Amino acid sequence: MTPRSTRTPLDPFTARVLSVVRRIPPGRVATYGDVAELAGRPRAARAVGNIMGAGGQPDVPAHRVIAAGGALGGYGGNESLKRALLMAEGVTFRGARVHPFADLRWAPARTGRRRATPAR
DNA sequence: GTGTTGACGCCTA
DNA sequence: ATAGGCGCCAACA
């Protein structure tokens with residue numbers, strides 16, 4: 001089980017991805033591309049998918065990470081479960097896509113990012 | 001070090 | 001709307 005969590009200490013990017021996903025609130029979703037961008041690698045959507053599939057941790061709501069355009073994306077072969085989990089949180093679907101995607105799509109609150117080093 | 005795989009994304013037909 | 005192709009990045013053999 002979790003062949004990776006017990007091996008590598010987690011690279012910065014991977015840790016960042018998990019951190020981002022953890023912040024996605026219930027009833028909201030984020031695309032693999034969104035997570036990748038928030039993690040610092042806008043083109044690493046595929047890598048994010050791999051990281052999700054790698055298992056991650058129980059406190060990481062991977063089911064809230066979907067594909068672009070509101071598509072469901074994968075879930076270890078249990079897409080129906082992923083969809084059920086989202087619906088249970090209030091996410092509505094329109095066919096195979098979340099709807100309204102624009103409103104359900106989550107974006108981090110930018111409560112005014114303060115720099116650690118208060119520009120002297 | 002290289003090669004393959006994969007819960008992706010976007011473009012073109 | 002469906003199918004195929006290319007690019008992207010990280011994990012693993």
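As the structure is a prediction and not an experimental result, all values here were calculated from the model. Chain A is the first sequence line, chain B the second, and so forth, proteins listed ahead of strands; every chain is numbered from 1.
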Novice: Taking atom C1' of C:dC9 as reference, at what distance in whole Å does atom CZ of A:R16 sit?
Specialist: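 The answer, rounded to whole Å, is 17 Å.
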
Novice: On the nucleotide C:dA11, are OP1 or OP2 found under 4.0 Å from the side-chain N or O atoms that A:T14 carries?
Specialist: yes

Novice: Using residues 39-47 of chain A as the side-chain source, report each donor-acceptor pair under 3.5 Å to any protein atom, sequence neighbours left out, with the distance given to one decimal.
Specialist:
none

Novice: Show the distances under 3.5 angstrom between N or O atoms of the protein and N or O atoms of nucleotides 5-7 of chain B.
Specialist:
| unit_1 | atom_1 | unit_2 | atom_2 | d |
| --- | --- | --- | --- | --- |
| B:dG6 | N2 | A:N50 | ND2 | 2.1 |
| B:dG6 | N3 | A:N50 | OD1 | 3.1 |
| B:dG6 | N3 | A:N50 | ND2 | 2.6 |
| B:dA7 | N7 | A:G53 | N | 3.4 |
| B:dA7 | N6 | A:M52 | O | 3.3 |
| B:dA7 | N3 | A:Y32 | OH | 2.9 |
| B:dA7 | N3 | A:G74 | O | 3.0 |

Novice: Clusters formed by hydrophobic residues whose side-chain heavy atoms approach within less than 4.5 Å: which one holds A:L85, and what are its other members?
Specialist: A:Y75, A:L81

Novice: Give a yes or no on whether A:L86 and A:W106 share a hydrophobic cluster (residues Ile, Leu, Val, Met, Phe, Trp, Tyr; joining criterion: side-chain heavy atoms under 4.5 Å apart).
Specialist: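 In one cluster: no.
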
Novice: List the steps, then state whether side-chain contact (heavy atoms from CB on, under 4.5 Å) holds for A:V21 with A:M52.
Specialist: CA-CA 9 Å; A:V21 176; A:M52 292 294 103; 3.7 Å; yes

Novice: Can you run down the salt bridge (Lys or Arg N to Asp or Glu O under 4.0 Å) pairs that involve residues 78-88 of chain A, sequence neighbours left out, and say none if there aren't any?
Specialist: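 Passing the test, one end in residues 78-88 of chain A: no pairs.
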
Novice: For a side chain to side chain contact (heavy atoms under 4.5 Å, CB included) with A:I51, tell me which candidate from A:T14, A:V60, A:V35 qualifies.
Specialist: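 Of the listed residues A:T14, A:V60, A:V35, the side chain to side chain contact (heavy atoms under 4.5 Å, CB included) partner of A:I51 is A:T14.
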
Novice: Considering only heavy atoms, which members of residues 35-44 of chain A lie under 4.0 Å from some atom of DNA chain C?
Specialist: A:R41, A:R43, A:A44

Novice: Which donor-acceptor pairs under 3.5 Å do side chains of residues 61-68 of chain A form with protein atoms, sequence neighbours excluded?
Specialist:
| unit_1 | atom_1 | unit_2 | atom_2 | d |
| --- | --- | --- | --- | --- |
| A:H63 | NE2 | A:E89 | OE2 | 2.9 |
| A:R64 | NE | A:I24 | O | 3.2 |
| A:R64 | NH1 | A:E89 | OE1 | 3.1 |
| A:R64 | NH1 | A:E89 | OE2 | 2.5 |
| A:R64 | NH2 | A:I24 | O | 3.2 |

Novice: Under the rule for salt bridge (charged side-chain N to carboxylate O under 4.0 Å, His left out), what residues qualify as partners of A:R22, not counting sequence neighbours?
Specialist: A:D59

Novice: Looking at DNA chain B, which of residues 90-101 of chain A put a heavy atom within less than 4.0 Å of it?
Specialist: none

Novice: Side-chain polar contacts of residues 91-104 of chain A - donor-acceptor pairs under 3.5 angstrom, sequence neighbours left out - could you list them?
Specialist:
| unit_1 | atom_1 | unit_2 | atom_2 | d |
| --- | --- | --- | --- | --- |
| A:T92 | OG1 | A:H99 | O | 2.3 |

Novice: Under the salt bridge (Lys or Arg N to Asp or Glu O under 4.0 Å) rule, what pairs show up with a residue in residues 26-40 of chain A, not counting sequence neighbours?
Specialist: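 Residue pairs with at least one partner in residues 26-40 of chain A: A:D34-A:R105.
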
